[in-house]
Amino acid sequence: MVCRAGHENDPVEKMRHSCAHVMADAVQRLYPKAKITIGPVIEDGFFYDFDYPAGFTPEDLKKIEAEMEKIVKENLPFERKEIGKKEALEFFKKLGENYKLEIINGIEGDKVTFYTHGKFTDLCKGPHVAKTGDIKAFKLLKVSGAYWRGDEKNPMLQRIYGTAFASQTDLDAYLKQLEEAEKRDHRKLGQELDLFEINPDIGSGLVLWHPKGATMRQIIEDFLKRELTAAGYSWVNTPHVGRASLWETSGHLEFFKENMYAPMEVEGQTYYLKPMNCPFHIEIYRSRRRSYRELPVRLAEFGTVYRFERSGVLHGLTRVRGFTQDDAHIFCTPDQVETEINNCMELVLKILRAFGLTEFKAFVATKPAKAVGRDADWEKATKALKGAVELHKIPYEIDEGGGAFYGPKIDLRIKDALGRFWQLSTIQFDFNLPERFQIGYQAATGEFERPFMVHRALLGSIERFFGILIEHYAGAFPVWLAPTQAILLTISDEQSEYAQKVLESLRREGFRASLDDRNEKLGLKIREAQLKKIPYMLVIGKKEMQEEKIAVRSRQGGDLGAMGLEKFIERLKGERQ
RNA sequence: GCCAACGUAGCUCAGUCGGUAGAGCAACUGAUUCGUAAUCAGUAGGUCGGCGGUUCGAUUCCGCCCGUUGGCUCCA
């Protein structure tokens, strides 16, 4: 048992930690056969893993909770005791707690600490609250399977998750927040707003983009296309499959095969669906001799890739098997590295900010023990990455030795409206593929040189980014992204013709507008438009028709009163940018 | 893949302690032309995820499969 590093003195963490002990105690009181293993504090709560093959049902959870209440009422003191390892081993041996034996044997030094409350004793570094009665408000949340030490070769344990807070009010607030997150779930909103579907008849982890979702995707792609073109990228398109020999050269069959779809045979040749775009871009790079004069070469593509993900890890749009990367590869000379990376960073930030994502955290991963490439190149590249995050004043951490074997990288995480962090962008050097594909350029000296190669994705996967965006905005997209920006609502049939004209005017101005002239009450039309989260509802009744106006209602602000179409168009244009 | 829960109409869900199912919304039809979050009435819609077993009889019980969801990274 342990608190999270750096949080040992946080009173809530301490209480959660103690709560985990109380839960383990309750479990063993009710189910003496259950063996205790580990139970750390995690973000927002705690869990405890038990070896109990019968498993726990949701009803068991209620019983355990009730038992915990009793233990809290008993107000038992937590007592700390230092004890020799030998004695500790004997203690747990007698209880048949073999997982604890394994843990003790892995601990350095010859002393360990025990924490006891009532008749329950656990191996534990502490600290704890003084008495079980100090645990104020708690709740068990869910059960799941988990492997001992996270390794699937080990026995499957039963994990119970719970959380505890300093007061019932705090706990309720937390549960409410969970509910709020559930309401924003992109899978739910995706269906309600008719944006996309993942259909088992098509296949797990494969996305069908419905018209509204596809409209948004195109807006996103158009925006990126404009920005990247302006930043000097060239656009390429490459196929979805490639010959086995290509993936042998690239090394994917050696290192990435377990993530690739099974091969297919065509006329005696073996082909694989592409899990990455890089080999294709490299082939384009080396389609002719390159001179230092034309570097940097920046090849960009919205490249759709397929990766085999184990069925259990698939999740809505954020973890899929087929997805499109906003991928690009930069080939440049050593002199250009710094500028290229800085420009990449600038571009990433500009684009993410356009989507209302303004808080970032960067992780710079450096050279691992096993790596390819020259030390000097690693140093130069790592320095450029650090320089770029510092230049743009992004808070960052160094992930020492956390880079891939083929190069250092920056992972950029962004914070969404609910305060959750998501990893989106990545800027990654590659010292491996240029070598494998033997690419080069002719330097000023006339010598044949190897270029630096950088993989970079700003949004990462468009599918995943879209999912995050849906949750970030809770489906209420800003005008520039909304699939329908304004909907015209007539009050009676008499206004249909006039409304149709207004609709045409809006469309001519390039707006995504629609018309609801059904024979229904205004209240119903507003309700439906509101549920679709359309930014503007334009009411047209007798009055508006006579005065050649529209009554504007905004999604969040309600009735804004009547105005001329010109004035409304001006307003919309301002929000479109 | 593994552990657990779940799979009933387009959607959300109820139900059957074994005798082949029901609501609301949506759809369709009709009436209503009604000014800022749900007008009324009617009609239609289901091999109760698939296959097999037990049974006179299975949507219900059992087994297998498929799919969905949560977890399997947090190391006393």
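All chains are named by letter (A, B, ...) in the order of the sequence lines, taking the proteins before the strands, and each is independently numbered beginning at 1.
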Spacing between A:Glu497 atom CD and B:rU33 atom P, to the nearest angstrom: 21 Å

Atom CD1 of A:Ile38 and atom P of B:rC72 are separated, to the nearest Å, by 12 Å

Just call it for A:Ser204: base, sugar-phosphate, or nothing, with non-hydrogen atoms closer than 4.0 Å on any strand. sugar-phosphate

Sugar-phosphate, base or nothing in reach of A:Gly523, heavy atoms under 4.0 Å: sugar-phosphate

Test ring-ring contact (aromatic ring centres under 6.0 Å, His included) on A:Tyr48 and A:Phe46 and set out the steps. CA-CA 7 Å; A:Tyr48 210 113; A:Phe46 60 87; 8.8 Å; no

When both hydrogen-bonding distances must be under 3.5 Å and the geometry is Watson-Crick or G-U wobble, what is B:rG35 paired with, if anything? none

Taken to the nearest whole Å, CD/A:Glu152 to C1'/B:rG71 is 14 Å

C1' atom, B:rC66 versus B:rG52: distance in rounded Å? 14 Å

Using a cut-off of strictly less than 4.0 Å, decide whether A:Arg187 has a side-chain nitrogen or oxygen near OP1 or OP2 of B:rU69. yes

Pairwise P distance, B:rC3 and B:rU8 [rounded to whole Å]: 24 Å

Is any side-chain N of the basic residue among A:Arg29 and A:Glu67 closer than 4.0 Å to the acidic one's carboxylate O? yes

Flag the pair A:Lys567 and A:Glu570 as a salt bridge only when some basic side-chain nitrogen lies within less than 4.0 angstrom of an acidic carboxylate oxygen. no

Between A:Asp49 and A:Arg159, does at least one N-O distance fall below 4.0 Å, as a salt bridge requires? yes

Taking A:Asp122 first and then A:Lys100, would you say they form a salt bridge - that is, a charged N and a carboxylate O separated by under 4.0 Å? yes

Any chance you could list the contact pattern along nucleotides 42-47 of chain B? Use B for base contacts, S for sugar-phosphate-only contacts and - for none, protein heavy atoms under 4.0 Å, 5' to 3'. ------

Could you give the distance separating B:rC61 and B:rC2 at their C1' atoms, to the nearest angstrom? 27 Å

Roughly how many Å apart are B:rG30 and B:rG15, using the C1' atom of each and rounding to a whole number? 32 Å

Just N and O in the side chain of A:His315: are any of them under 4.0 Å from OP1 or OP2 of B:rU68? no

Within the modelled atom types, does a donor on one side and an acceptor on the other bring the side chain of A:Tyr147 and the base of B:rG1 under 3.5 Å apart? yes

Any side-chain N or O of A:Ser144 under 4.0 Å from OP1/OP2 of B:rC72? no

Nearest whole angstrom, please: distance from the P of B:rC75 to the NZ of A:Lys125. 10 Å

Most 5' of A:Arg149 and A:Lys142 on RNA chain B, judged by nearest nucleotide: A:Lys142

Would A:Asp411 and A:Lys409 pass as an ion pair if we require N to O under 4.0 Å? yes

At under 4.0 Å between heavy atoms, what does A:Arg310 touch on the DNA or RNA strands: base, sugar-phosphate, or nothing? base

Atom CG of A:Asn199 to atom P of B:rG67: distance rounded to whole Å? 12 Å

If we take the C1' atom in both B:rG22 and B:rC65, what is their distance in whole Å? 29 Å

Heavy atoms from C-beta onward define the side chain here; which of B:rU36, B:rC72, B:rG1 lies closest to that of A:Arg159? B:rC72

So what does A:Glu520 hit on the nucleic acid, given a heavy-atom distance under 4.0 Å: a base, only sugar-phosphate, or nothing? base

Salt bridge A:Glu182-A:Lys188, side-chain N to carboxylate O under 4.0 Å: no

B:rC72, OP1 or OP2 - any side-chain N/O from A:Tyr161 closer than 4.0 Å? yes

Provide the Watson-Crick or G-U wobble partner of B:rG22, both distances under 3.5 Å; none if there is no partner. B:rC13

When you check the phosphate oxygens OP1 and OP2 of B:rG35, does a side-chain N or O of A:Ser492 lie under 4.0 Å from one of them? no

What interatomic distance, in whole Å, is found between P of B:rU54 and the corresponding atom of B:rA14? 32 Å

Write down the partner of B:rC40 under the Watson-Crick or G-U wobble criteria, each distance required to be under 3.5 Å. B:rG30

Taking the inter-plane angle between the rings of A:Phe114 and A:Phe91 on a 0 to 90° scale, is it parallel (under 30°), tilted (30 to 60°) or perpendicular (over 60°)? tilted

Nearest whole Å is fine: how far is B:rU36 C1' from A:Ile534 CD1? 15 Å

Round to the nearest Å and state the distance from A:Phe47 atom CZ to B:rC74 atom C1'. 6 Å

So A:Lys525, base contact, sugar-phosphate only, or nothing? Heavy-atom distance under 4.0 Å. nothing

Does B:rG63 have a Watson-Crick or wobble partner in any strand here, with both distances under 3.5 angstrom, and which is it? B:rC51

So is A:Lys142 actually on top of A:Tyr161's ring, under 6.0 Å and inside 45° of the axis? yes

For B:rA9 and B:rG50, measure between their P atoms and round to the nearest Å. 10 Å

By the 4.0 Å heavy-atom rule, please label A:Leu524 as base, sugar-phosphate, or nothing. sugar-phosphate

Please classify the nucleic acid contact of A:Gln495 as base, sugar-phosphate, or nothing, using heavy-atom distances under 4.0 Å. nothing

Sugar-phosphate only, base, or nothing, as touched by A:Ala529 at under 4.0 Å among non-hydrogen atoms: nothing

Minimum heavy-atom distance between A:Thr484 and A:Pro535, given as atom pair plus value: O-CD, 3.2 Å

Of A:Gly205 and A:Met156, the one whose closest RNA chain B nucleotide lies more 5': A:Met156

Can you check the A:Asp516 CG to B:rA37 P distance for me, whole Å? 15 Å

Distance between P atoms of B:rG46 and B:rG71 (Å, rounded): 36 Å

Examine B:rU12: is either OP1 or OP2 under 4.0 Å from a nitrogen or oxygen in the side chain of A:Gln191? Give yes or no. yes

Would you mind pulling out the nucleotide paired to B:rG1, Watson-Crick or G-U wobble, both distances under 3.5 Å? B:rC72

When all nucleic acid strands are considered with a 4.0 Å heavy-atom cut-off, which category describes A:Ile491: base, sugar-phosphate, or nothing? base

Electrostatic pair A:Asp185:A:Arg187 at N-O distance under 4.0 angstrom: yes

Taking N and O atoms by type only, does the side chain of A:Glu309 place a donor or acceptor under 3.5 Å from a partner on the base of B:rG1? no

